[in-house]
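Here is the naming used below: chain letters follow the sequence lines, and residue numbers restart at 1 for every chain. Hydrogens, waters and symmetry mates play no part in the numbers below; they use all other heavy atoms, side chains included.
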Protein chains: 2
Amino acid sequence: MRIGELAARAGTTTRTLRYYETRGLLPARRDGNGHRTYDESDLRLLRQIRTLQDFGFDLEETRPFVECLRAGHPEGDSCPASLVVYRRKLAELDALIGQLTAVRETVAGQLSRAERARDGLAADALVPGGPEPACELGRLTR
Amino acid sequence: MRIGELAARAGTTTRTLRYYETRGLLPARRDGNGHRTYDESDLRLLRQIRTLQDFGFDLEETRPFVECLRAGHPEGDSCPASLVVYRRKLAELDALIGQLTAVRETVAGQLSRAERARDGLAADALVPGGPEPACELGRLTR
DNA sequence: TCTTGCCTTGACGCCCACGTCAACCCCTAC
DNA sequence: GTAGGGGTTGACGTGGGCGTCAAGGCAAGA
């Protein structure tokens with residue numbers, strides 16, 4: 001199978017496959033015309049890469065999985081090096097989720113505080129001669 | 001105060017301040033030598049920007065807060081446009097945290113599955129003449 | 001006077017996973 | 001012959017927020 005067909009079957013692009021080849025991740029055989037040639041096992045490798053990419057793995061992090069499959073193992077994660085990546089990724093995810101959750105709570109707190117302040121100021125604004133909110137209409141419509 | 005002092009007091013760099021100026025976010029007055037000049041209110045604006053940046057806001061998303069402060073409001077989030085950004089960011093954070101959590105669970109599941117499979121294969125390997133794990137030592141040390 | 005230290009603008013580098021040309025080749029069908 | 005639909009390499013663009021020179025100016029202190 002040639003590069004266009006493999007790309008289509010994996011739901012990606014020829015550019016991506018050529019990029020993977022420059023990275024040494026998915027080298028291709030060549031036919032008489034110099035065209036890249038792939039087989040079903042390459043599709044398997046490619047799907048492994050794409051799945052991990054979808055999970056947010058860096059390209060380099062998919063390498064142990066690909067090497068593992070290429071070595072004849074039934075799954076990309078049958079090798080210890082892949083498990084190391086799994087564990088490192090889990091730790092990264094936990095750290096990230098923790099940070100994002102903390103930020104989320106902070107922002108939520110700021111929002112409700114600002115909303116309360118606004119409601120207070122809105123009550124003030126109802127008083128004749130009170131302060132008027134002049135920022136958005138004057139500043140944001142330039 | 002000049003650019004170096006402002007940068008130091010805000011814990012950032014002169015390059016960053018010049019960048020903000022090109023973005024129209026933090027314009028500076030100029031003295032006789034053409035040097036940028038800032039005052040305390042600029043430090044206030046800069047701290048607002050940096051705080052939001054630390055929360056993961058894009059530079060453009062900090063603009064309403066800065067405009068709000070510059071319009072004379074007590075807080076950067078005293079204006080409706082800022083609240084809109086808060087709410088949008090909250091929604092983004094929730095979506096992202098949800099995705100990451102789902103990925104985390106998937107990866108954790110894959111890891112424990114792979115570990116169970118490995119333990120099973122390890123038992124096989126204890127049998128004389130059993131299959132040997134040949135991938136990492138052969139592939140990863142090139 | 002010379003060094004030191006701060007400032008200026010301009011421009012390229014970085015990261016990562018590709019997208020998007022450009023210019024060309026090869027085979028097939030009409 | 002020629003149009004179309006594959007393929008090839010090479011090179012530059014993208015985005016975001018700066019880092020890092022390069023080449024020069026201006027003022028104060030030893």
Side-chain angles (χ1 to χ4, degrees), chain A residues 1-39 42-43 45-66 85 88-89 92 96 100 103, chain B residues 1-39 42-43 45-66 85 88-89 92-93 96 103:
Chain A
M1 139 184 48
R2 290 189 299 174
I3 194 170
E5 185 181 346
L6 177 60
R9 290 181 64 185
T12 182
T13 68
T14 60
R15 179 67 182 90
T16 295
L17 300 190
R18 280 189 270 263
Y19 177 65
Y20 290 171
E21 184 167 355
T22 67
R23 308 272 77 193
L25 205 56
L26 193 66
R29 271 88 8 195
R30 301 298 179 117
D31 68 9
N33 289 326
H35 292 181
R36 290 172 179 81
T37 303
Y38 302 90
D39 56 26
D42 290 315
L43 177 59
L45 301 186
L46 181 51
R47 285 193 169 135
Q48 173 76 81
I49 296 170
R50 293 266 97 197
T51 299
L52 295 176
Q53 284 271 87
D54 289 346
F55 288 166
F57 284 51
D58 294 344
L59 254 195
E60 274 311 307
E61 293 178 319
T62 72
R63 195 179 295 272
F65 295 81
V66 176
V85 174
R88 184 156 44 80
K89 209 67 191 174
E92 285 176 22
L96 184 55
L100 289 176
V103 167
Chain B
M1 130 185 56
R2 291 189 298 175
I3 193 170
E5 185 182 346
L6 178 60
R9 289 181 64 186
T12 181
T13 68
T14 62
R15 178 70 183 91
T16 296
L17 299 190
R18 281 190 270 264
Y19 177 65
Y20 290 172
E21 184 168 355
T22 68
R23 308 271 80 194
L25 204 57
L26 193 65
R29 270 98 355 204
R30 299 299 178 117
D31 68 9
N33 289 327
H35 292 182
R36 291 173 178 82
T37 304
Y38 303 90
D39 56 25
D42 290 316
L43 178 58
L45 300 187
L46 181 51
R47 284 192 171 138
Q48 173 75 83
I49 296 171
R50 294 265 98 195
T51 299
L52 295 175
Q53 283 272 87
D54 288 345
F55 288 166
F57 285 51
D58 294 344
L59 255 196
E60 274 310 308
E61 292 178 319
T62 73
R63 195 180 293 274
F65 296 81
V66 176
V85 174
R88 185 155 45 77
K89 209 65 191 178
E92 285 177 21
L93 283 168
L96 184 55
V103 167

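- The nearest whole Å value for the distance from the CG atom in A:Asp31 to the P atom in D:dG6 is 16 Å.
- OP1 or OP2 of D:dT9 sits under 4.0 Å from a side-chain N or O of A:Arg30.
- Protein atom CG of B:Asp54 is 10 Å distant from nucleotide atom P of D:dC18, rounded to whole Å.
- Atoms CZ (B:Arg29) and P (C:dT8) sit 13 Å apart, rounded to a whole Å.
- Between B:Arg50 and B:Thr16 there is a side-chain heavy-atom pair separated by less than 4.5 Å.
- A:Tyr19 is not listed as a side-chain neighbour of A:Leu25, based on a closest heavy-atom distance of 4.5 Å or more.
- At a threshold of 4.0 Å, the pair B:Glu5-B:Arg2 does not count as salt-bridged, since none of the basic side-chain nitrogens sits closer than that to a carboxylate oxygen.
- Straight-line distance from the CE atom of A:Met1 to the C1' atom of D:dG6: 16 Å, rounded to whole Å.
- In this entry the distance linking CD1 of B:Ile3 with C1' of D:dG25 reads 16 Å, nearest Å.
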Steps toward side chain to side chain contact (heavy atoms under 4.5 Å, CB included) verdict (B:Thr62, B:Thr51): CA-CA 9 Å; B:Thr62 73; B:Thr51 299; over 6 Å; no
Base-contact (B) and sugar-phosphate-only (S) positions in nucleotides 10-19 of chain C, heavy-atom cut-off under 4.0 Å, - elsewhere: -------BBB
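- Computed from coordinates, the A:His35 NE2 to C:dT28 C1' distance equals 13 Å when rounded to whole Å.
- A close approach under 4.0 Å does not occur between any side-chain nitrogen or oxygen of A:Arg2 and OP1 or OP2 of C:dC27.
- Regarding A:Arg36, its CZ atom lies at a distance of 14 Å from the C1' atom of D:dG6, rounded to whole Å.
- At least one side-chain heavy atom of A:Leu26 sits under 4.5 Å from a side-chain heavy atom of A:Leu46.
- Between A:Asn33 atom CG and D:dG7 atom P there is a gap of 12 Å when expressed in whole angstrom units.
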Working for salt bridge (charged side-chain N to carboxylate O under 4.0 Å, His left out), residues A:Lys89 and A:Glu92: CA-CA 5 Å; A:Lys89 209 67 191 174; A:Glu92 285 176 22; 3.2 Å; yes
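- Within 4.0 Å of A:Arg18, counting heavy atoms only, lies at least one base atom of the nucleic acid.
- One side chain, B:Arg18 or B:Thr14, offers a donor N or O that lies under 3.5 Å from an acceptor on the other.
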